[in-house]
Amino acid sequence: MRQFEKKLKVGILGGTGMVGQRFISLLENHPWFEVTTIAASARSTGKTYEEAVSGRWKMTTPIPEAVKQIKVMDVKDVEAVASTVDFVFSAVDMSKEEIRAIEEAYAKTETPVVSNNSAHRWTPDVPMVIPEINIDHFDVIRYQKERLGTERGFIAVKPNCSIQGYVPALAAWAEFEPYELVVTTYQAISGAGKTFGDWPEMVENIIPYIGGEEEKSEQEPLRILGHIENGQIVKAKEPTITCQCVRVPVLDGHTAAVFVKFRKKPTKEQLIQKLREYKGFPQEAELPNAPKQFIQYREEDDRPQVKLDVDFENGFGVSIGRLREDTVYDFKFIGLAHNTVRGAAGGAVLCAEALAEKGYITNK
């Protein structure tokens, strides 16, 4: 693990929202990163962070003492914010066009941007990374810097929360060539930035639609499993994925029910072994938030369960269970991942740790 002479100074763009709050919580006492700057919309500008989130702090842990008195800056005051930090996490709540523009503006101030937003996930030279799976996609950053005219500024993103419970299994099983999937995701309300307190109509309810989520769940895995060609990410041709996404009355944790066909027929025992053995760069480099066990396999018939398994490896691990042969497809299984840790802010923090370890993010 890399040692830094001094901590990297971090800014949180959109720091007052739910994902911004998760970033603040996860970065408390981080060994490499220190939150020095918080930026948000004009209505929060000038307030202390404690004042800005008063009455709308959504985390179960209290506001970290170290950030309470930080004066919130205007996220649109790009030069001023960028001058105070080594890099930023982006969790801004704006239109996609506005997000693309503001993240590029920060990158052009020579400030790396690690984004939780979807706006740049399909920008050809922006890497979208699950660090255990496609760390090599960071290699595309040099082409992005050429386009932006920067030396150290760039944008990197993490993928959608809905895919975290099944794409790691596909990566672990790559040698068996999974080529067709049917997926249904059962997604927690925190994925919409909500709690039961501010979304009472979700209590005892299921909503069979989440805008844009099915397209992301079908297409983003192909970009993660793709490769770099001519300075851009080219998505994989397979597997073909069809997906339905359902909102369920759960606070944290996206569950996926998956059916999969393989070209090379594995045994159940081989598949389970591959899951348990699978690891990647975060584990090898012993990054601060890397789960020691990336994927756990649960043998019990009634696992994984949100209440019992969502916090596996502090929310950075993935849980798989109920793997069994199917009568139409080859196998079926259930996957579970924490949508606001591994699937959102935590996934971005792990990306930033990997970028820092590899020397892409340094002290200015």
Side-chain angles (χ1 to χ4, degrees), residues 14 16-23 25 56-60 91-96 99 115-119 121 128 130 157-169 181-221 224 241-259 302-312 315-322 332-348:
T16 57
M18 192 173 196
V19 175
Q21 292 177 22
R22 179 68 75 180
F23 274 120
S25 299
R56 57 193 187 105
W57 179 255
K58 297 185 178 185
M59 301 296 105
T60 53
V92 290
D93 183 12
M94 299 174 174
S95 70
K96 284 196 178 175
I99 293 169
S115 180
N116 182 71
N117 296 305
S118 63
R121 287 187 195 150
M128 178 173 73
I130 295 176
V157 300
K158 52 138 286 291
N160 198 48
C161 52
S162 65
I163 71 173
Q164 309 285 337
Y166 58 94
V167 171
L181 275 81
V182 175
V183 182
T184 303
T185 61
Y186 304 88
Q187 299 187 203
I189 65 172
S190 58
K194 305 281 191 180
T195 65
F196 287 111
D198 48 34
W199 203 2
E201 59 267 39
M202 269 312 302
V203 177
E204 297 185 9
N205 194 20
I206 284 175
I207 296 177
Y209 173 71
I210 308 170
E213 207 75 352
E214 287 160 1
E215 296 82 355
K216 293 172 187 173
S217 304
E218 293 169 355
Q219 292 299 314
E220 287 188 17
I224 290 163
I241 303 172
T242 182
C243 185
Q244 293 198 97
C245 296
V246 179
R247 188 75 72 193
V248 295
V250 164
L251 181 60
D252 292 312
H254 288 355
T255 300
V258 184
F259 297 79
D302 61 352
R303 302 284 284 276
Q305 285 182 33
V306 170
K307 280 201 170 178
L308 300 177
D309 300 302
V310 77
D311 292 319
F312 171 61
F316 283 87
V318 174
S319 301
I320 304 284
R322 299 208 69 214
K332 53 192 171 189
F333 68 93
I334 301 291
L336 171 67
H338 196 305
N339 58 294
T340 67
V341 181
R342 170 56 75 165

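Predicted, not measured: the structure shown is a model, and the values here were computed from it. Throughout, residue positions are numbered sequentially from 1 according to the sequence presented.
Between R247 atom CZ and I206 atom CD1 the span is 12.5 Å, to the nearest 0.5 Å. A distance of 12.0 Å separates CD1 in I334 from CG in D309, rounded to the nearest 0.5 Å. Atom CD of residue E215 and atom SG of residue C245 lie 8.5 Å apart, to the nearest 0.5 angstrom. Taking OG from S115 and CZ from R121, the interatomic distance works out to 7.5 Å, rounded to the nearest 0.5 Å. Note: E213 CD to I163 CD1 = 10.0 Å, rounded to the nearest 0.5 Å. Atom NE2 of residue H338 and atom CG of residue D311 lie 5.0 Å apart, to the nearest 0.5 angstrom.
Residues S217 and I241 come closest through the heavy atom pair O-CG2, 4.1 Å. Between R303 and R322, the closest heavy-atom pair is O-CG, 3.7 Å. What you find for T185 and V183 is that their closest heavy atoms are CG2-CG1, 4.0 Å. When all heavy atoms of F196 and L251 are compared, the closest pair comes out as CE1-N, 3.9 Å. Of all non-hydrogen atoms in W199 and A192, the two that sit nearest each other are CZ3-CB, 3.8 Å. The two atoms that bring A91 and G20 nearest to each other are CB-N, 4.0 Å, heavy atoms only.
Side-chain contact between V167 and E220 is absent, with no heavy-atom pair separated by less than 4.5 Å. Within the 4.5 Å cutoff, no side-chain heavy atoms of R22 are placed close to those of N116. You'll find the side chain of T340 stays beyond 4.5 Å of the side chain of C161, heavy atoms only. Contact of the M202 side chain with the I207 side chain is registered, since non-hydrogen atoms from C-beta on lie closer than 4.5 Å. Taking 4.5 Å as the limit, some side-chain heavy atom of T16 sits within range of a side-chain heavy atom of R56. Side-chain contact between Q164 and P159 is present, with heavy atoms from C-beta onward closer than 4.5 Å. Within the 4.5 Å cutoff, the side chain of V250 has no heavy atoms near those of the Y186 side chain. In this structure the side chain of M18 reaches within 4.5 angstrom of the side chain of T195, judged on heavy atoms.
Under a cut-off of 6.0 angstrom, the local environment of CD in Q244 is sparse, with at most 12 non-hydrogen atoms contributed by other residues, nucleotides or ligands.
For the pair K58 (side chain) and K194 (backbone), a donor-acceptor distance under 3.5 Å is absent.
For the residue pair N339/Q187, the side-chain donor-acceptor check at 3.5 Å is not satisfied.
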Practice item. Go through the steps to decide whether Y166 and L181 satisfy the test side-chain contact (heavy atoms from CB on, under 4.5 Å), and finish with yes or no. Key: CA-CA 10 Å; Y166 58 94; L181 275 81; 4.3 Å; yes

